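Accompanying notes for the structure given below.
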Amino acid sequence: MKPYIYITRKLPSEVAEAIQAKYEVGMWGKENIPVPKALLIEEAKKADALLTMLSDPIDESVLNAGDRLKVVANLAVGFDNIDLKTADKRGIAVCNTPDVLTDTTADLTFALLMATARRIVEASELVRQGKWKSWSPLLLAGHDVHHKTIGIVGMGKIGETVAKRATGFDMEILYHNRSRKLEAERNLGAVYSTFEELVSQSDFIVCLTPLTDSTKNLFSREVFRKMKKSAIFINASRGPVIDETALYEALVDKEIAGAGLDVFEKEPISADHPLLKLPNVVALPHIGSSSIETRMTMMRLCLDNIDAVLSGKDPLTVVNKEWKVRV
Ligand code: DGY
């Protein structure tokens, strides 16, 4: 009997075809709707491997569902949707997709920064709605990006790559991270700052820190109050890193100038969410790594990780580093 891999979302047919000779493959049939939890648990009972999405809660009920599960490969660099403790306890390898999405996610983060600063979405809507009556001196005047100060919170690979983009705009670069990034300091001129310094001195505050117990609600009302009134806040990490109500109030009270958000506390965000009523908010549906090339590469990396574990080898990108091949 071939080992069974369950994929929790409809992926392009070539993805499953690539592994069908060696593995039994099951796949949830919908592209835009997550697999129902009860079905996911049923599948996890039979599965040797799961290929999961960042929107799937891979909690105890899934990880404990059966005895066969050896690997969960998450189609994302983030893995806050997976209960690592339970995976560790059960000897299940958890894999993510770092590196292959770094440039693409940095591109999107910088695009979001530019779009928010230069009011690209508002401007496009004005034209589409036939409201462009004449050229006028301050029509949709935004904020300059070049020569400003960018403050990156979470200087992982994506953070460093955003910093690299910022050098092309002659920006001053501040960063805050658990550890110093000496190479980024040397090569990009990035300056390590305390969180408080970064928040109060930056024109663009870019949140790229992973969601953990210590980063949950890191951006509180108090933090937004410390920002410049002209500051633009960008979040491309995870929604719960910010207190959304605090962000809303900071925008309404004009304590900051705008926000570009690729991620939200609860995804998908509902169309009547108060943040979406504000013209100075640019909202995207969590598409940081979403280019065709990168998403296809991420899918292949997930399959390579699964294949490695099921073939008794070390996976390429395992999150629980203590995980060891069990024969
Ligand atoms: C991820 O992969 O974790 C990021 O959210 C990129 O979209």
Side-chain angles (χ1 to χ4, degrees), residues 76-78 96-124 142-193 195 197-199 201-210 215 219 227-228 230-239 241-242 256-263 280-295 297-298:
V77 65
N96 64 343
T97 59
D99 307 327
V100 296
L101 50 59
T102 300
D103 279 304
T104 302
T105 308
D107 285 350
L108 188 282
T109 307
F110 213 83
L112 183 54
L113 182 156
M114 297 281 290
T116 313
R118 297 300 305 273
R119 305 175 65 182
I120 301 291
V121 178
E122 278 178 274
S124 171
H143 298 257
D144 275 333
V145 172
H146 64 87
H147 295 97
K148 294 281 184 74
T149 299
I150 185 172
I152 300 170
V153 178
M155 194 70 155
K157 286 179 185 153
I158 299 172
E160 283 194 40
T161 310
V162 168
K164 197 166 149 197
R165 308 284 184 269
T167 61
F169 287 77
D170 299 312
M171 298 177 92
E172 295 293 323
I173 303 164
L174 305 180
Y175 78 95
H176 181 72
N177 198 55
R178 272 180 313 180
S179 55
R180 290 277 292 268
K181 295 293 176 129
L182 299 179
E183 220 175 283
E185 293 184 17
R186 257 192 318 271
N187 298 342
L188 306 170
V191 175
Y192 176 82
S193 314
F195 183 63
E197 281 166 356
L198 181 148
V199 157
Q201 292 171 16
S202 301
D203 300 300
F204 296 94
I205 295 107
V206 179
C207 173
L208 284 164
T209 189
T215 62
F219 287 91
M227 294 180 185
K228 295 182 183 179
S230 56
I232 287 178
F233 176 72
I234 304 296
N235 189 9
S237 67
R238 288 292 180 269
V241 177
I242 60 165
I256 63 169
L261 307 169
D262 185 38
V263 289
N280 50 349
V281 169
V282 175
L284 303 178
H286 201 154
I287 53 165
S289 60
S290 187
S291 71
I292 294 164
E293 300 95 318
T294 294
R295 284 283 161 89
T297 307
M298 289 164 68

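FYI, side chains are in, hydrogens and waters are out, and symmetry mates aren't considered; it's all heavy atoms of this structure. Model, not experiment: these values are computed from the prediction.
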Please give me the minimum heavy-atom distance between [X] and [Y], naming the atom from each residue.
{"X": "Ile173", "Y": "Ala163", "value": "CD1-O, 3.4 Å"}
{"X": "Phe195", "Y": "His176", "value": "N-ND1, 3.4 Å"}
{"X": "Met155", "Y": "Ala184", "value": "CE-CB, 3.9 Å"}
{"X": "Arg238", "Y": "Ala76", "value": "NH2-CB, 4.3 Å"}
{"X": "Ser289", "Y": "Leu101", "value": "CB-CB, 3.7 Å"}
{"X": "Leu208", "Y": "Ala236", "value": "CD2-CB, 3.9 Å"}

Using a cut-off of 6.0 Å, state whether more than 12 heavy atoms not belonging to [X] lie near its atom [atom1].
{"X": "Leu182", "atom1": "CG", "result": "yes"}
{"X": "Glu197", "atom1": "CD", "result": "yes"}
{"X": "Lys228", "atom1": "NZ", "result": "yes"}

Straight-line distance of [X] [atom1] to [Y] [atom2], nearest 0.5 Å:
{"X": "Thr104", "Y": "Glu293", "atom1": "OG1", "atom2": "CD", "value": "7.0 Å"}
{"X": "Met171", "Y": "Asp203", "atom1": "CE", "atom2": "CG", "value": "7.0 Å"}
{"X": "Leu113", "Y": "Leu108", "atom1": "CG", "atom2": "CG", "value": "11.5 Å"}
{"X": "Asn96", "Y": "Met298", "atom1": "CG", "atom2": "CE", "value": "9.0 Å"}
{"X": "Ile152", "Y": "Thr209", "atom1": "CD1", "atom2": "OG1", "value": "12.5 Å"}
{"X": "Phe204", "Y": "Thr109", "atom1": "CZ", "atom2": "OG1", "value": "14.0 Å"}

- Residues in salt bridge (charged side-chain N to carboxylate O under 4.0 Å, His left out) contact with Glu122, at least two apart in sequence or another chain: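 If we apply the salt bridge (charged side-chain N to carboxylate O under 4.0 Å, His left out) test to Glu122, skipping adjacent residues, the hits are Arg119.
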
- Task: Applying salt bridge (charged side-chain N to carboxylate O under 4.0 Å, His left out), name anything that partners Arg180, two or more places apart in sequence or on another chain.
- Result: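 Per chain and number, Arg180 pairs via salt bridge (charged side-chain N to carboxylate O under 4.0 Å, His left out) with Glu185.
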
[X] vs [Y] side-chain heavy atoms within contact, under 4.5 Å:
{"X": "Glu183", "Y": "Arg186", "answer": "yes"}
{"X": "Leu198", "Y": "Ile205", "answer": "yes"}
{"X": "Met114", "Y": "Ile120", "answer": "no"}
{"X": "Leu174", "Y": "Gln201", "answer": "yes"}
{"X": "Val162", "Y": "Ile150", "answer": "yes"}
{"X": "Val241", "Y": "Val263", "answer": "no"}

- Candidate list Ile234, Ile232, Thr116, test side chain to side chain contact (heavy atoms under 4.5 Å, CB included), partner Val282, passing option: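 In the set Ile234, Ile232, Thr116, the residue that makes a side chain to side chain contact (heavy atoms under 4.5 Å, CB included) with Val282 is Thr116.
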
- Please collect all salt bridge (Lys or Arg N to Asp or Glu O under 4.0 Å) contacts where either partner lies in residues 104-115, sequence neighbours excluded, each pair once.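 Listed by first then second residue: Asp107-Arg165.
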
- Task: Measure the acute angle between the ring planes of Phe169 and Phe110, then classify it against the limits of 30° and 60° as parallel, tilted or perpendicular.
- Result: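 If you compare the ring of Phe169 with that of Phe110, the planes turn out tilted.
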
With sequence neighbours left out, what residues match [X] under side-chain hydrogen bond (donor to acceptor under 3.5 Å, both in side chains)?
{"X": "Asn280", "answer": "none"}
{"X": "Thr161", "answer": "none"}
{"X": "Thr167", "answer": "none"}

